[in-house]
Q: 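Sending over a structure as structure tokens; questions will come in a sec.
Just so you know, these numbers come straight off a predicted model, no measurement behind them. Along the sequence shown, residues carry numbers from 1.
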Amino acid sequence: MKKIKPATYKKWAELASKELRNKSVEDLEKNYGELNIRPAYFAKDVAKSAKAEMPGVEPYTRGIRASMYANRPWTIRQYAGFSTAKESNIFYRKGLEAGQKGLSIAFDLATHRGYDSDHARVKGDVGKAGVAIDSVEDMKELFANIPLDEMSVSMTMNGAVIPTLAMFIVAAQEQGVKPEQLSGTIQNDILKEFMVRNTYIYPPEPSMRIVGDIIAYTAEYMPKFNSVSISGYHMHEAGASAVQELAYTLADGMEYVRTAQKKGLDIDAFAPRLSFFFGIGMNFFVEIAKLRAARFLWANIMSDLGAKNPKSKMLRTHCQTSGVSLTEQDPYNNIVRTAFEAMSAVLGGTQSLHTNSFDEAIALPTDFSSRIARNTQLIMQHETGVTDVVDPLAGSYYVEALTQQLIAQAGKIIEQVEQQGGMTKAVSEGSPKRNIEEAAALRQTKVDKGEDVIVGVNRFRLEEEEELITRKIDNEKVRKGQIAKLKRIKKSRNQEQVDDTLSALKECAAMNEGNLLSAAILAARARATLGEISLAMEDIFARFNAKPEVISGVYDAQYKDDPEYIALEKRIDEFEKQRGKKPSIFIAKMGQDGHDRGAKIIATAFADMGFIVHFGALFETAFEVANHAKEMGVDAVGVSSLTAGHNILVPELIDIMKQHGLENIPVILGGVIPADDYQFLFDAGVSEIFGPGTNVIEAAFSVLNRIEKRLVNK
């Protein structure tokens, strides 16, 4: 398989300053991929090659089309889905009527993880952070009165990508739309799931086979459809620096290209339909330069991998403003943050854009907040003049120098990944995940210490927060409705036909022959459910369970001279002297939410402070967490919740702990929790609630106080 040529790395390195050229990858990683930014830049800081670059011409730094937005503006998308297919369909059609140009579908976590809505493990997740899809009937309802031969549909799906895409294809066919007429994107980016997002199902090797089968199927039957959306967004949200996001995303893309080539596909037969997905944060100029650098790097990479078609070398990307930059405190500030981030994406040359709603740090967006988010893009397109000029920041000393620095730094990390044997090997060894988690922890220490200012959080805080109206989903009602639909489908379908198609799918998986998507389409058409199709492959591939790991040392290094931190360490030492052991906490992730950035930061910080930290496996039930607490004899249980399942899962956990005689152990809750849920949770027995923006040191003092109070009362 073709490798990146040494001359390419040399060319990338030559774009860097002499200071950067002399740095090793290890030196860069010690700094967690942070950039060296000076107060002023001059003509000498810009490479000669940058002055000759043209929009629409390789390496596409200035944009993939010569006319860019002057001819056609970016596509306005809104990533959304909640409750039932019917409710989501109403929401989508309202957005399309209001100026939205494409659909981006959010599926609930039960769907992501390959479970039907009636599975015992997903009772807190159904319809909460996306729409529940159990069968073709749900998919048909989701797109009712939306012509799929005219509408571009983007679907964020990775773990259960085979049944989801199969059901989309069947739903379209039953609407009268052929596969070759479908346009849009399926994310199908499993490597980043193993790194940061964790909504995987199968181990890495069979997961990569699934990616390859989808690329092969779409290359043959769906020429207008993007078979992979290589996602840096979730790395960004997990805390990756701009350099890390850029390097690991492109390295993932290289791995997918090679996977397709191993299946015998010509690179120019599928590469034009690959797309990317980047997160856009608050460092305005860095985010602009990141997209410019990504296009330059990808054009070079694809040339080295054998691409000849210019379209194969064009990096086309969707962008989404950051969810992590949104704050629970003074949330109307988020409107301003999102507008700046959106402008970064546009000035960087994105092909489509989703703008987050201001209330998404608290709950699912309302119609009101979604309208503001959508109008942010409409105002940019129609009122700012930003669409009149191609790459308006080209030639800026600062932006060009930043672009060069990002190319050089990301290039060094890509070279290191190549030396490891590629991204699948690197992911298996865990190095990208560790590096991103260290960067996230470092960023949090800077926020906690006030070195990085977050308006309304660690500076300029309101004395009293205004109450917001948030969207509520009746999870139990949604789940009951989905279960009733599942029963009707199973009663009305031809069970023999379902069994035959599922057996054929299993054989396809076991024999490593044929195409898994083709086999799944037949099963979906017979009305096999998403859970049944996923389970058929799970019987052959097994379900993957990652081993949880917690990094250490970041908080110690950043806080070693901090008086408050030292005082906390002394209190923990005194606790150990009096009790004969250090205070211990079990940190849990319940339900199917795989986003573990917040939980990992807390685990890292508390361990550095001196707590004994037990970090639970992802996707556990309340029963499993309660058993761990009992077996380990911990002093507190911390629960991280980001997807609105807290009102069901946390009270259930407390009830089970009471049955185990653990009612005196404090249960601490952290994450995205609407303020009007607090009293319900306190009444259920929760001791402390920490929302987004909580200072970690202050949280540690509060937890220690709770533990000491409990032991005194005991």
Q: Are Ile210 and Ile190 packed together at the side-chain level, in the sense that at least one heavy-atom pair is separated by less than 4.5 angstrom?
A: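 Of all side-chain heavy-atom pairs linking Ile190 with Ile210, none is under 4.5 Å.
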Q: With Asn198, which of His234, His595, Lys433 fulfils side chain to side chain contact (heavy atoms under 4.5 Å, CB included)?
A: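 Considering His234, His595, Lys433, a side chain to side chain contact (heavy atoms under 4.5 Å, CB included) with Asn198 is found only for Lys433.
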Q: What are the two closest heavy atoms between Ala426 and Pro432, and how far apart are they?
A: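 Ala426 and Pro432 have their closest heavy atoms at O-CD, 3.3 Å.
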Q: May I ask you to check whether Ser322 and Glu237 show a side-chain donor-acceptor distance below 3.5 Å?
A: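 Judged by distance alone, the side chains do pair up.
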Q: Ring-plane angle category for Phe277 and His318, please: parallel below 30°, perpendicular beyond 60°, tilted otherwise.
A: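 Taking His318 first and then Phe277, their aromatic rings sit tilted (interplane angle of 30° to 60°).
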Q: Check the pair Tyr248, Val196 against side chain to side chain contact (heavy atoms under 4.5 Å, CB included), reporting the backbone distance first and the verdict last.
A: CA-CA 11 Å; Tyr248 293 140; Val196 291; over 6 Å; no
Q: How about Glu415 and Tyr9: does a side-chain donor come under 3.5 Å of a side-chain acceptor?
A: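 The criterion, which ignores hydrogens and geometry beyond distance, is not satisfied for Tyr9 and Glu415.
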Q: Under 30°, 30 to 60°, or over 60°: which ring-plane class applies to Phe168 and Phe225, parallel, tilted or perpendicular?
A: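 Correct class here is tilted.
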Q: Would you say the side-chain atoms of Thr8 and Asn300 include a donor-acceptor pair closer than 3.5 Å?
A: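 Their side chains do not contain a donor-acceptor pair, so the 3.5 Å distance test is not met.
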Q: Less than 4.5 Å apart, side chain to side chain, heavy atoms only: is that true for Asn356 and His354?
A: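 Touching, per the 4.5 Å side-chain cut-off.
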Q: Any chance OH of Tyr398 has more than 12 other-residue heavy atoms, nucleotides or ligands included, within less than 6.0 Å?
A: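 Counting neighbours around OH of Tyr398, more than 12 heavy atoms of other residues, nucleotides or ligands fall under 6.0 Å, so yes.
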Q: Using a 4.5 Å cut-off on heavy atoms from C-beta on, say whether the side chain of Ser207 contacts that of Tyr200.
A: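 When only atoms from C-beta onward are counted, Ser207 and Tyr200 do not touch, as no gap falls below 4.5 Å.
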Q: Any sub-3.5 Å donor-acceptor pair from Gln351's side-chain atoms to Thr317's backbone N or O?
A: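 Checked: pair present.
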Q: I'd like to know whether Asn188 forms a side-chain hydrogen bond (donor to acceptor under 3.5 Å, both in side chains) with Tyr256, so could you lay out the CA-CA distance, the side-chain angles of the two residues, the decisive distance to 0.1 Å, and finally the verdict.
A: CA-CA 10 Å; Asn188 194 27; Tyr256 298 136; over 6 Å; no
Q: Using modelled atom types only, decide if a donor and an acceptor are shared between the side chain of Glu360 and the backbone of Leu326 within a distance under 3.5 Å.
A: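 Looks like no, no N/O pair under 3.5 Å.
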Q: For Phe284, does the CZ atom have more than 12 heavy-atom neighbours from other residues, nucleotides or ligands under 6.0 Å away?
A: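 Atom CZ in Phe284 is crowded, with more than 12 foreign heavy atoms closer than 6.0 Å.
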Q: Ser231 and Asp189: side-chain hydrogen bond (donor to acceptor under 3.5 Å, both in side chains), yes or no, with the steps?
A: CA-CA 7 Å; Ser231 175; Asp189 175 7; 4.7 Å; no
Q: Where is the tightest heavy-atom contact between Ile267 and Leu305, given as atom of each residue plus distance?
A: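 Looking at all heavy atoms of both residues, the shortest contact is CD1-O, 3.7 Å.
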Q: Indicate yes or no: does Glu205 engage Arg209 in a salt bridge with an N to O separation below 4.0 Å.
A: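 No.
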Q: Between Arg197 and Thr199, is the side-chain hydrogen bond (donor to acceptor under 3.5 Å, both in side chains) condition met? List the steps.
A: CA-CA 6 Å; Arg197 190 163 174 259; Thr199 52; 3.1 Å; yes
Q: What is the minimum heavy-atom distance between Ala289 and Leu402, and which atoms define it?
A: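 Nearest pair, atom of Ala289 first, then Leu402: CB-CB, 3.7 Å.
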Q: Distance alone, cut at 3.5 Å: any donor-acceptor contact between the side chains of Glu437 and Thr604?
A: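 No.
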Q: Quick one: pull up OG1 in Thr350 and CG in Leu291 and give me the separation to the nearest 0.5 Å.
A: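 Here the interatomic distance stands at 6.5 Å.
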Q: Starting from the C-alpha separation in whole Å, work towards a yes-or-no answer on side chain to side chain contact (heavy atoms under 4.5 Å, CB included) for His112 and Glu193.
A: CA-CA 11 Å; His112 272 287; Glu193 298 295 329; over 6 Å; no
Q: Check the pair Arg292 / Thr403 against side-chain hydrogen bond (donor to acceptor under 3.5 Å, both in side chains), numbers first and verdict last.
A: CA-CA 6 Å; Arg292 301 175 89 251; Thr403 302; 3.1 Å; yes
Q: Do the side chains of Lys446 and Asp452 get close enough for a salt bridge, i.e. N-O under 4.0 angstrom?
A: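 Result for this pair is no, no salt bridge flagged.
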Q: Between Thr185 and Ser275, what is the shortest heavy-atom contact and its length?
A: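 Shortest heavy-atom contact: CG2-OG, 3.7 Å.
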Q: Taking everything shown except Lys224 itself, do over 12 heavy atoms lie less than 6.0 Å from its NZ?
A: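 Yes, because the 6.0 Å sphere around NZ of Lys224 holds more than 12 heavy atoms from other groups.
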Q: Check Ala293 against Leu246 and note the closest heavy-atom contact, atom names and distance.
A: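 Minimum heavy-atom separation between Ala293 and Leu246: CB-CD2, 3.9 Å.
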Q: Please verify the inter-ring angle class for Tyr217 with Tyr221; under 30° counts as parallel, over 60° as perpendicular, anything in between as tilted.
A: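 Plane angle between 30° and 60°, so tilted.
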Q: Compare every heavy atom of Asp252 with every heavy atom of Met195, then report the nearest pair and how far apart it is.
A: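 Between these two residues, the closest heavy atoms are CE-OD2, 3.3 Å.
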Q: Is Lys11 paired with Glu14 through a side-chain N to carboxylate O contact shorter than 4.0 Å?
A: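 Lys11 and Glu14: not salt-bridged.
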Q: Between Glu418 and Arg258, does at least one N-O distance fall below 4.0 Å, as a salt bridge requires?
A: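 Yes, charged N to carboxylate O under 4.0 Å.
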Q: Among Val228, Thr259, Leu517, whose side chain to side chain contact (heavy atoms under 4.5 Å, CB included) with Ile215 holds?
A: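 That would be Val228; it is the only one of Val228, Thr259, Leu517 passing the side chain to side chain contact (heavy atoms under 4.5 Å, CB included) with Ile215.
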Q: Thinking salt bridges, do Asp213 and Lys263 make one under a 4.0 Å N-O criterion?
A: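 Salt bridge flag = yes for Lys263 with Asp213.
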Q: How long is the gap from CG on Asn309 to CE on Met314, to the nearest 0.5 Å?
A: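 It comes to 8.0 Å.
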Q: Which residue is it: Glu400, Arg295, Glu53? I am looking for the one with a side-chain hydrogen bond (donor to acceptor under 3.5 Å, both in side chains) to Thr61.
A: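 One option only clears the test, and that one is Glu53.
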Q: Measure the SG-CD1 distance between Cys319 and Ile280 for me, rounded to the nearest 0.5 Å.
A: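 Between atom SG of Cys319 and atom CD1 of Ile280 there are 4.0 Å.
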Q: Between Glu58 and Ser303, is any pair of side-chain heavy atoms under 4.5 Å apart?
A: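 Glu58 vs Ser303: side chains touch.
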Q: Measure the CZ-OG1 distance between Phe358 and Thr376 for me, rounded to the nearest 0.5 Å.
A: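 OG1 of Thr376 is found 11.0 Å from CZ of Phe358.
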